[in-house]
Every structure is written in C-alpha cells, then in structure tokens.
Amino acid sequence: MLKDSHKLASALPPTILTIFGATGDLSADYLIPALLHMDKRGLLPADFKLVCVGRRPLNNQSYLDFIIKKSGAIKGITQKEKASFLKHLIYFEGDFEKPENFKALAKILADHDLPKSPGAGKKGRGKNLPPVHACYNRVFYFATNPQTFISLAKLLKSTGLLLSCVDHNRQVRVLVEKPFGYNLKSARSLNSLLLKYFNEEQIYRIDHYVGKETIQNLMVARFANSLFEPLWNNRFIEHVEISVLEKDGVGGRANFYDRTGAIKDFLQNHILQMLALIAMDEPYNLTAGMIRDEKLKVLEALEPFDRQKLSSRLIKGQYLGYRKEVGGKSGTETFFTLKTYVNLPRWAGVPFYLRTGKRLSKKLTQISIHFREPVRCLFKGCSANVLTFQIQPDEAVHLQINGKIPGFGVQLHQANLDFSYKSAFFGEIPSAYERLLLDFMEGDQRLFIRSDEIEAAWKFVDSITENSQFKKLPLHIYKPKSNGPKEADEWIKKDMKEWWTK
Ligand code: BG6
C-alpha cells in the first residue's frame, strides 16, 4: 500500500506460502487466480513455494486442474503458465484437523531449510565457502472455517513450524480470513488466543476491500491534494453515503450467510473500513501503526445504537426467494441501511448513510461525499457538489459541479469532472488479493486490520445485532433485481435525501 516504489517481489527472501483450505471457494475464486496472475507478471519471490493443503486426494497437477475447473475467475490459462505455476506448487493431501498430518507437513517445510552450498552445481567454485542457508520465510494462510484457526495455530506451534530462524532472520506470519469472530466477545477471545501463538506483528487480519484500488486512492485523494482536506468537515460536508450493491444472491454460502446476515458480513468489516478511511485524520506518517491509530479513533467514535435510535435509524430487508435458498423460514437480513454518526469534532452532526444488499439490480460500490449547498446562490438551480469514489466496477472519481448551459441567459446544469481509471491509465489493475498477498509476503501490515480495530468495529455492530430491538424490527421483503425495499427509499426521503446510487 502507498509504497513509494514497490519493492521488486523477486527480491523478496525465499518464501513458502502454506494455504489451509486450498480446495475451498476462496482459494478457487480468489487466492489461486491471484497467485497465477502474480506468477505471470513476475510478482512472486524468486524462490517461492506454495503448499496447498486440502482433504481431497489430488496431486500437484490434478489439484491445479481441479481449481481451474472450479474457479470462475481463471480464464484462458496457457500450458506455459500452468507449467510455470506447477514449479512452485506442492499439493499436500491431509486433514489438517489430524495432528499426525502436521508432522508430514512440517517435514516438507523443513526440507526447504536445508543448507545450500553456493558452489553447488558449479565445478570447482565455492568449495571452501560456507554454505548459504536457504531459510524460507514461512507464511500461513488460514482460509478455513474460523472454528479451526486456533487448532491450526496450536498444531503449527507443536510441530515447530512457528520457530523463527535467528541466524537467517526467518519470518513467520499468519493471515487470518474473515469472519473474525461473530461478536465482540468472540473476536476478543480469538485475538487473545491467536496472541498466544503469534505476536501482533505476525498476524495479518484481512479485509479484501482495503486492498481494492480505489480504496487505496481515498487516502491519496484526501492527503495529497490541498483542495479537499480544508473542506473535509461538518462545515462543508452535509452527509456521506456508502453504498455496496450486489447483484448476486447468497449462492452456495446459504448456510453460513443465514447465521451471519448482511450486517455482520459487510458492515463490521468492509463498510466500516471504508468509513474509517473517509473519516480519519491525516496520520503523522505512513507507518502501519500511525494509519491504524487514526482509523481506530474513528471506529471508537461511532455512535452506538440504543433501542430508540435503532428503531428509527435502521431498515432491514430480505430478498424474495431467499428462504427457498436457505431451505426454511429465516429472519436473516440480506439488505440493510442505517444512519450513524462519528462523534468527533470534525464530523459532529454529519450523518453517514450506509447500505448494502444482495440480489439487487446491479453491482456497484460507491462512496459519495455530499457537500453543503452554497449558503447563498446567485443563480437559480444551484446544487450541492458531490464527490464520488466509485470503487467497483469501473474504478473512477467524479466531482459534480454546477455549470452554465451555453447560450443566452444563465441556466445551470450539473456537470461531472470525471477521472476514470480506464481512460487515465493503461494496463491491468491488480486485484485486491494480489496486492494483499504481496504485502503479506513482504511483511507490510498497513492494509491489514489490527486487533483493536476489529474489536471497536464489533462493539459498534453489537449495539445493533445484540440490541433487544434488533429482532423486533420489521424485515421488508424486496424483489430481486430491485434497489431493495421501498421502505429504504421512503426512510431516506424523510431526511430530505435520496440515494446517490440509484
Ligand atoms: C465478502 C462477503 O467478504 O465480500 C460476500 O462475505 C460478498 O458476501 C463479497 O459478496 C463481496 O466482495 P467483492 O470483492 O466481490 O465486492
């Protein structure tokens, strides 16, 4: 993230990335496609091994074929690309809940630590030089059911896999997928258990939204342009909208989703992270510590909901057909919108409208900053300026301004100053997972979430989902391919506003 110059990945120390849960959807849809793409673009360490742990009886070749078939994200892979990827790949068949499997896994990892002579393979040279130790950095990706995180950590420790290598400065890190807990209590307990095995600097809690290109641009837009920051407060900003509209339903994750719901699935992490980046103060510098300190202040300042506020500031919805997908009666929300405040002087009185839903009319993630209308407008029809960060699809930043329609007389219209990534830049934009995997291997924690941020976010979410009013609120059924329940539109209209992402 925000690197002055991206350290050449190939200059990274020898690295072994072990993925637990390598045959699951996350691996097929995101992790392996990202790694394949990184391999193609030369973004993997020069000495890189990928150990994929899964229960299925597969070998390296059949594992790759299995993933290519399963994944919707790998298209047009060539034989050359496959062959190159297979050079890194070690498929390890084993039930990672069985301790005996770890011994065999430990051996594979340890075998890569054998000393290599610098003269090996070169006749007559390097005979008297001390051996160069190929001590691999060990990075572990927990892409499994969260219930297994702690047993995995325990087994890694008991088989000696977490041992660092003092002589060669081996780094050991772990990346933990979401969901990180299901409320404040469970997140705290997970944090304290993980901290028994790793220190905070070794733990990478992922939120893939933070790795998205346009999210990266939020800090740059705010802190690299003198134009916005003086206006970034309640004197000039009237409200903020963060909308994440999804086209897909719950698909194959119905079971998980039904226990989770949109608020825990999306608000606790992705939406609150975006909000923190929009609302935070400028960090003193770009270290992980400083950036996270500033985000934390925002998360801690979110106004919690009491019963009364919850009733008037939250709308829940569920798409028609959802119950069929989960196979029964369900009160789980697949849509929500809420209004909240950040109790910091900069944001006093500025509402933040947050919204997400599944099976809506389109896929669109946008953050819009709505400035106040001019205090006095000389012309008829002045509108408020709106700065929009379009996160996906089609990454862009738009600024809506008032302009004059050419001709006699003065008639205003709203024009957009558009900055579209597609027209401004050539080349591919790296996926969030590519960026995050690279940062993980480099040991850069800036885009990962610290324990206290996670806990502050859960504290706020608990004030909603553990509020005695939460279950009593009506669940509005909405039609698939719509914009959500009509009650959400009526609700925002009461505040004299309408959704910017219509
Ligand atoms: C995941 C959520 O974290 O993000 C899913 O669990 C959601 O419910 C997904 O669909 C959205 O990610 P993206 O990158 O496709 O917007």
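Every number for a ligand or one of its atoms is a count from 1 in the order of the listing. Residue numbers run from 1 in the order of the sequence given.
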For this session: Answer with yes or no whether the side chains of S151 and T148 bring together a donor and an acceptor at under 3.5 Å.
Result: no
For this session: Examine Y322 together with Y478 and report whether their ring centres are nearer than 6.0 Å.
Result: no
For this session: Compute the centroid of each ring, for W347 and then for F352, and state whether the two points are separated by less than 6.0 Å.
Result: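 Centroid distance W347-F352: below 6.0 Å, so yes.
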Exercise. Is any NZ, NE, NH1 or NH2 atom of the basic residue among D293 and R450 found under 4.0 Å from an Asp or Glu carboxylate oxygen of the other?
Worked result: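 Salt bridge between D293 and R450, a charged N being under 4.0 Å from a carboxylate O: yes.
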Problem set entry | Ionic contact status for K493 with E498, cut-off 4.0 Å |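 No, E498 and K493 are not salt-bridged.
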Problem set entry | Contacts of type ring-ring contact (aromatic ring centres under 6.0 Å, His included), residue F92, not counting sequence neighbours |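 Here no residue qualifies.
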For this session: Please list, by chain and number, the protein residues whose heavy atoms come under 4.0 Å of ligand 1.
Result: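 Only Y30, K178, H208, Y209, K212, E246, R253, D265, F266, H270, K358, K363, Q392 have heavy atoms that fall under 4.0 Å of ligand 1, ordered by chain and number.
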